[in-house]
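Working notes, beginning with the structure itself.
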Number of protein chains: 2
Amino acid sequence: MATLSDVARKAVVSKMTVSRVINHPDKVSDELRNLVYAAMEELNYVPNFAARALVQNKTQVIKLLILEEMDTTEPYYMNLLSGIAIELDKHHYALQLVTRNSHTVGSCDGLIVTGMRGEDYEAIIDKLERPVVLFGQNTRGYDFVDVDNENGIRMATRHVIDLGFEKILFFGIDLNEPFMYTRVKGYKKTMCLHYLPEHLFFMKNSSHAAQEIMGRQLADNRERVAVVCASDRLALGVVRAAQSYGLRIPEDVAVTGFDGVFLDRICSPKLTTLRQPVIEMGQECARMLLKKIDLDGGRLGSHIFQPELIIRASTKRTN
Amino acid sequence: MATLSDVARKAVVSKMTVSRVINHPDKVSDELRNLVYAAMEELNYVPNFAARALVQNKTQVIKLLILEEMDTTEPYYMNLLSGIAIELDKHHYALQLVTRNSHTVGSCDGLIVTGMRGEDYEAIIDKLERPVVLFGQNTRGYDFVDVDNENGIRMATRHVIDLGFEKILFFGIDLNEPFMYTRVKGYKKTMCLHYLPEHLFFMKNSSHAAQEIMGRQLADNRERVAVVCASDRLALGVVRAAQSYGLRIPEDVAVTGFDGVFLDRICSPKLTTLRQPVIEMGQECARMLLKKIDLDGGRLGSHIFQPELIIRASTKRTN
DNA sequence: AGAATTTTTGTAAACGGTTCCAAAAAAAGA
DNA sequence: TCTTTTTTTGGAACCGTTTACAAAAATTCT
């Protein structure tokens with residue numbers, strides 16, 4: 001691989017002139033600039049990022065840590081990734097992916113972290129002494145980007161109440177997840193406000209689990225019911241269970257999901273869901289992080305996005 | 001950030017000793033080793049990857065270039081990413097993501113490339129003079145990992161022929177894609193072999209497009225028909241169209257998909273599909289690339305995976 | 001034209017590690 | 001005990017780029 005010195009030698013100029021042609025082309029005379037360009041072309045010169053990183057103490061690399069224990073091949077994460085990539089590309093930063101299998105985290109200019117639970121990773125991250133933005137969680141003194149989980153579920157619950165449902169179930173995932181806790185709160189508060197009894201069910205985030213639990217509910221009791229779900233996967237399971245019992249959606253069983261990333265449109269009937277603008281949220285993460293890097297640390301505040309209640313055939317027939 | 005020299009000073013040893021503690025701990029006496037560990041701990045020492053990369057001419061970074069024009073937030077790509085990450089983690093390599101928006105590709109030890117079309121990117125990649133493995137395409141003199149597209153579609157087509165279908169449509173995507181070309185070939189060869197007439201349709205890769213085109217077909221003619229689709233998305237559209245005409249699946253209309261990553265299990269009825277082992281393919285990509293890096297270039301041959309024909313309710317009722 | 005200013009180019013010293021080799025210390029052999 | 005060998009430690013140079021400053025050349029001003 002040709003180095004800057006090789007280019008300098010070929011163009012018969014100093015290393016500095018070559019460096020300047022790369023970084024401040026306008027500070028070099030036309031004549032030399034063209035000589036240098038020609039030499040670079042001829043030698044297939046590619047700048048060495050490590051050398052630059054070393055002297056500037058700037059890697060131009062942002063790491064995304066996806067640390068959740070659940071299935072990270074969900075479209076949700078690809079959207080996040082994509083949003084971050086879009087924004088980083090604009091600012092000439094590279095995106096590096098770190099999963100919970102990774103041995104080391106290593107050098108970078110900043111981190112976006114999602115699914116961090118427990119102190120271990122906090123220590124690792126703090127040690128790096130780099131700006132951090134959390135995604136989808138609110139921990140101690142970190143800046144973060146999240147969706148308003150509580151208000152989302154509140155909107156969904158109110159929506160089915162407005163449709164005249166009186167028995168309303170909540171299907172949730174592992175209660176230890178902080179985002180789950182706030183979703184439950186949204187349900188509880190709304191039910192309380194309308195003097196309605198709570199019916200909480202927790203399961204793992206799979207349509208099968210939801211289908212089975214909903215199946216058991218319907219076996220006991222076929223009264224008109226709405227199910228507010230903590231994810232589109234769960235909602236899909238509820239839909240399946242209702243269909244297998246020959247019940248009409250949304251007349252007999254109404255269902256709402258959460259995420260609005262992929263499943264909601266694929267499902268039939270299409271799901272009423274709380275759309276998280278995941279791509280935009282990813283972009284905002286990247287923007288915040290880059291700003292923190294520019295400002296050389298310091299808190300920046302956080303950004304909470306409102307989910308959008310998208311009303312579709314699983315709760316309301318539209319003609 | 002503390003440097004190696006800082007640690008050396010604090011432990012009252014030479015830089016070399018610290019470096020050795022990091023890279024060959026057994027070559028250092030217990031006494032000094034512990035002194036160094038203590039100093040590292042106290043100073044929060046994190047090694048500087050750029051410095052190491054510079055002197056070793058080794059970044060420990062692999063870049064994944066996802067260059068397709070289509071929607072790369074598909075679960076398919078996340079699975080690929082995941083497979084690659086799993087394998088790279090094992091060998092202490094970092095994974096960096098490059099999309100077609102990226103301004104530069106930059107230094108790395110090797111590249112995995114998918115969706116490269118045209119000469120522009122080839123030139124960029126060649127210039128880096130780094131080992132490359134292509135994913136899902138077979139171009140000139142590159143090593144690659146792919147799925148046997150032709151044989152896959154051949155299996156699907158034979159499957160519906162075996163089920164007694166005589167009118168068999170093929171729903172494909174943009175014919176310019178090389179993988180599409182071989183899929184069409186699989187259909188044509190099989191149809192030819194059984195003296196059956198070909199019915200080819202091309203559209204963009206969306207369920208809506210497939211639904212509309214299938215709808216038009218059914219409007220004209222309701223005879224028993226099988227549709228071999230080039231993706232699960234298209235298959236989903238076909239299913240929808242058939243359902244909207246009140247036709248029975250699989251008795252009146254049989255459908256096969258391709259990919260088997262996510263949609264096939266979500267769809268109702270579940271899809272018969274050609275499952276690509278995308279995660280394993282990603283792992284194989286990474287393994288091949290790392291081997292090429294170790295072997296310092298040179299061709300290594302390619303790896304073509306067989307897709308698995310998964311027979312489900314969209315073609316055959318199972319009880 | 002000659003001094004003052006601006007623009008263009010070059011030199012030397014980092015940046016934080018590792019490689020290569022030499023020196024010192026410890027262990028083994030005579 | 002004194003070499004010889006092995007193990008442990010350290011010194012200097014270097015990786016490819018940029019930063020900071022100095023020198024040279026070109027331009028402007030008086």
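Values in this document were obtained by computation on a predicted structure and should not be read as measured data. Just the heavy atoms: all of them, side chains too, but no hydrogens, waters or symmetry mates, feed the values below. Every chain is numbered from 1 and lettered A, B, ... according to where its sequence line falls, protein lines coming before strand lines.
The distance from atom CG of A:Asp30 to atom C1' of C:dT8 is 12 Å, rounded to the nearest whole Å. Rounded to whole Å, the distance from NZ on B:Lys27 to C1' on C:dC21 is 16 Å. As a whole-Å value, the separation of A:Asp26 CG from C:dT9 P is 12 Å. Straight-line distance from the CG atom of A:Asn57 to the C1' atom of C:dG17: 13 Å, rounded to whole Å. For the pair B:Met16 CE and C:dT19 P, the computed distance is 8 Å after rounding to whole Å. A:His24 has its NE2 atom 15 Å from the C1' atom of C:dT7, to the nearest Å. Distance CZ (B:Phe49) to P (C:dT18): 11 Å, rounded to an integer number of Å. In this entry the distance linking CZ of B:Arg20 with C1' of C:dT19 reads 11 Å, nearest Å.
Nucleotides of DNA chain D lying under 4.0 Å from heavy atoms of chain B occupy a range whose first and last members, 5' to 3', are D:dT8 to D:dG16.
For B:Gln56, a side-chain nitrogen or oxygen approaches OP1 or OP2 of C:dT19 to under 4.0 Å. The shortest distance between the side-chain N/O atoms of A:Thr17 and the OP1/OP2 oxygens of C:dT8 is not below 4.0 Å.
Of the possible donor and acceptor atoms, none in the side chain of A:Asp6 sits under 3.5 Å from a partner among the backbone N and O of A:Ala2.
When each of A:Glu31 and B:Ala50 is assigned the nucleotide of DNA chain C with its nearest heavy atom, A:Glu31 is the one assigned upstream, toward the 5' end.
Judged by atom type and distance alone, B:Lys15 reaches the base of C:dG17 through a side-chain donor-acceptor pair under 3.5 Å.
There is no side-chain donor-acceptor pair under 3.5 Å between B:Gln137 and B:Tyr142. A donor atom on one side chain and an acceptor atom on the other are not found under 3.5 Å apart for A:Ser107 and B:Asn48. Side chains of A:Thr59 and A:Asp109: a donor-acceptor N/O pair is present below 3.5 angstrom, by distance only. Side-chain polar atoms of B:Asn138 and B:Ser302 form no donor-acceptor pair below 3.5 angstrom. With no hydrogens or angles considered, a side-chain donor-acceptor pair links A:Glu68 and A:Thr114 at under 3.5 Å.
Residue-level contact check: A:Leu32 touches the backbone only, with heavy atoms under 4.0 Å from sugar-phosphate atoms and none from bases. Residue contacts for A:Asn23: at a heavy-atom cut-off of 4.0 Å it reaches the sugar-phosphate backbone alone, with no base atom in range.
Aromatic ring centres of A:Tyr76 and A:Phe262: separated by at least 6.0 Å.
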